[in-house]
Amino acid sequence: MLWLEKLLSKASAWILSIHHCGPVGVHFVSAPVFGRPDAALEHRVLFAVAGPKEAKEKLQTYFKWMGRGTLDVGDEPYQASVMKITGNFFIVSCVETIAEGMTLAEKNGISRDLIAQFVSNTFPGPIYPGYAERLAAGTFEVTPSSPGFPVSGGIKDLGLMQRLAQESSVPLPLADVIMSHEKEAERQGKGALDWGCIADILREKAGLEKR
């Protein structure tokens with residue numbers, strides 16, 4: 001059985017299934033995860049699983065032990081990659097929304113901390129409150145004690161989103177906007193910082209003082 005956690009294009013998944021797995025009787029399951037390394041250590045990741053039903057059933061014990069749940073996306077391995085790319089689009093869209101809203105509020109005299117409180121009370125869960133607190137504090141260094149997702153990885157993932165959208169003939173204008181901000185962060189030497197540092201890019205564009 002081949003179990004893959006990396007993102008794959010439809011073509012790559014097809015090549016693996018037909019030319020590498022099929023001839024030797026190996027089942028191919030794709031199972032990318034949602035969750036940072038600290039979540040993985042605490043068994044809190046969410047798996048997006050796609051592949052033959054029999055193979056997925058055999059892996060359920062491992063998924064249950066390593067994560068908090070699984071999403072059965074379908075029988076074709078590439079579908080798990082589509083789910084992962086789509087999920088990442090939702091996450092980075094949250095980051096962009098918080099960054100824009102926080103900048104608008106700050107420009108008009110409302111503190112970032114107050115916006116973080118609003119977000120935490122209105123959108124409970126790990127994503128919105130977590131990024132609201134990070135953007136309010138302006139702490140974008142990625143360390144073992146403060147894990148995050150670097151701008152360089154964000155640019156790679158946004159490129160996958162744009163490619164999937166183009167191949168599917170689906171407009172994805174928000175991804176284009178976010179990509180421009182992430183690339184500006186990279187040009188400013190912030191490639192190793194958490195991708196939420198686009199908040200500082202927006203603050204600068206709004207004429208606010210640098211932090």
Side-chain angles (χ1 to χ4, degrees), residues 5 7 31-50 60 62-73 79-151 153-154 157-158 160-161 164 172-175 177-179 181-182 185 190 193-203 206 208 211:
E5 295 183 46
L7 294 183
V33 301
F34 292 101
R36 300 183 305 202
D38 57 319
L41 289 172
E42 298 173 2
H43 310 282
R44 292 188 289 108
V45 296
L46 177 66
F47 287 93
V49 184
Q60 281 304 312
Y62 299 99
F63 294 144
K64 289 178 181 178
W65 182 78
M66 291 186 290
R68 59 185 172 86
T70 60
L71 300 173
D72 190 339
V73 185
Q79 293 175 303
S81 290
V82 173
M83 184 69 236
K84 174 63 174 174
I85 291 170
T86 304
N88 284 350
F89 173 67
F90 277 101
I91 293 170
V92 74
S93 297
C94 291
V95 176
E96 177 73 20
T97 300
I98 295 167
E100 289 187 18
M102 200 168 276
T103 301
L104 179 64
E106 186 180 1
K107 188 70 185 256
N108 288 278
I110 298 175
S111 73
R112 298 188 301 275
D113 289 335
L114 190 60
I115 295 301
Q117 291 178 39
F118 163 77
V119 170
S120 295
N121 281 283
T122 309
F123 306 103
I127 303 298
Y128 262 108
Y131 271 108
E133 291 173 10
R134 187 164 207 156
L135 270 59
T139 52
F140 303 118
E141 294 287 342
V142 178
T143 65
S145 60
S146 181
F149 192 64
V151 166
D157 278 9
L158 282 159
L160 292 172
M161 296 171 203
L164 179 62
L172 211 63
L174 187 53
V177 171
I178 302 170
M179 177 68 96
H181 295 155
E182 296 291 347
K190 300 178 179 179
L193 298 182
D194 182 84
W195 61 355
C197 72
I198 59 173
D200 282 350
I201 302 299
L202 290 166
R203 293 182 78 256
L208 294 168
R211 292 187 279 189

Heavy atoms of other groups near Glu141 CD, more than 12 under 6.0 Å: no

Audit row: Phe149, Asp157, side-chain contact (heavy atoms from CB on, under 4.5 Å) steps and yes/no: CA-CA 11 Å; Phe149 192 64; Asp157 278 9; 3.5 Å; yes

Please round to the nearest 0.5 Å and tell me the distance separating atom [atom1] of [X] and atom [atom2] of [Y].
| X | Y | atom1 | atom2 | result |
| --- | --- | --- | --- | --- |
| Leu71 | Leu46 | CG | CG | 4.5 Å |
| Thr86 | Leu164 | OG1 | CG | 6.0 Å |
| Leu174 | Phe90 | CG | CZ | 10.5 Å |

Partner set under ring-ring contact (aromatic ring centres under 6.0 Å, His included) for Phe34, not counting sequence neighbours: none

Using side-chain heavy atoms (C-beta onward) and a distance below 4.5 Å, is [X] in contact with [Y]?
| X | Y | answer |
| --- | --- | --- |
| Met66 | Val33 | no |
| Tyr131 | Asp194 | yes |
| Pro32 | Met83 | no |

Pairs satisfying side-chain hydrogen bond (donor to acceptor under 3.5 Å, both in side chains), at least one member in residues 92-106, at least two apart: Glu96-His181, Glu106-Arg112, Glu106-Arg203

Contacts of Asp38 that satisfy side-chain contact (heavy atoms from CB on, under 4.5 Å) - sequence neighbours left out: Arg36, Arg44, Pro147

Counterpart residues, side-chain contact (heavy atoms from CB on, under 4.5 Å), relative to Ala50 (two or more places apart): Val73, Gln79, Ala80

At their closest point, which heavy atom of [X] faces which heavy atom of [Y], and how far apart are they?
| X | Y | result |
| --- | --- | --- |
| Met161 | Phe89 | CE-N, 3.5 Å |
| Ile198 | Ala99 | CG1-CB, 4.5 Å |
| Val92 | Leu158 | CG1-CD2, 4.2 Å |
| Arg134 | Gly148 | NH1-CA, 3.8 Å |
| Pro129 | Val119 | N-CG1, 4.0 Å |
| Trp195 | Val151 | CA-CG2, 3.9 Å |

Contact list for residues 97-127, test ring-ring contact (aromatic ring centres under 6.0 Å, His included), sequence neighbours left out: Phe123-Tyr128

Summary of ring-ring contact (aromatic ring centres under 6.0 Å, His included) pairs that have at least one residue in residues 93-117, sequence neighbours excluded: none

Evaluation steps, side-chain contact (heavy atoms from CB on, under 4.5 Å), between Lys84 and Leu160: CA-CA 10 Å; Lys84 174 63 174 174; Leu160 292 172; over 6 Å; no

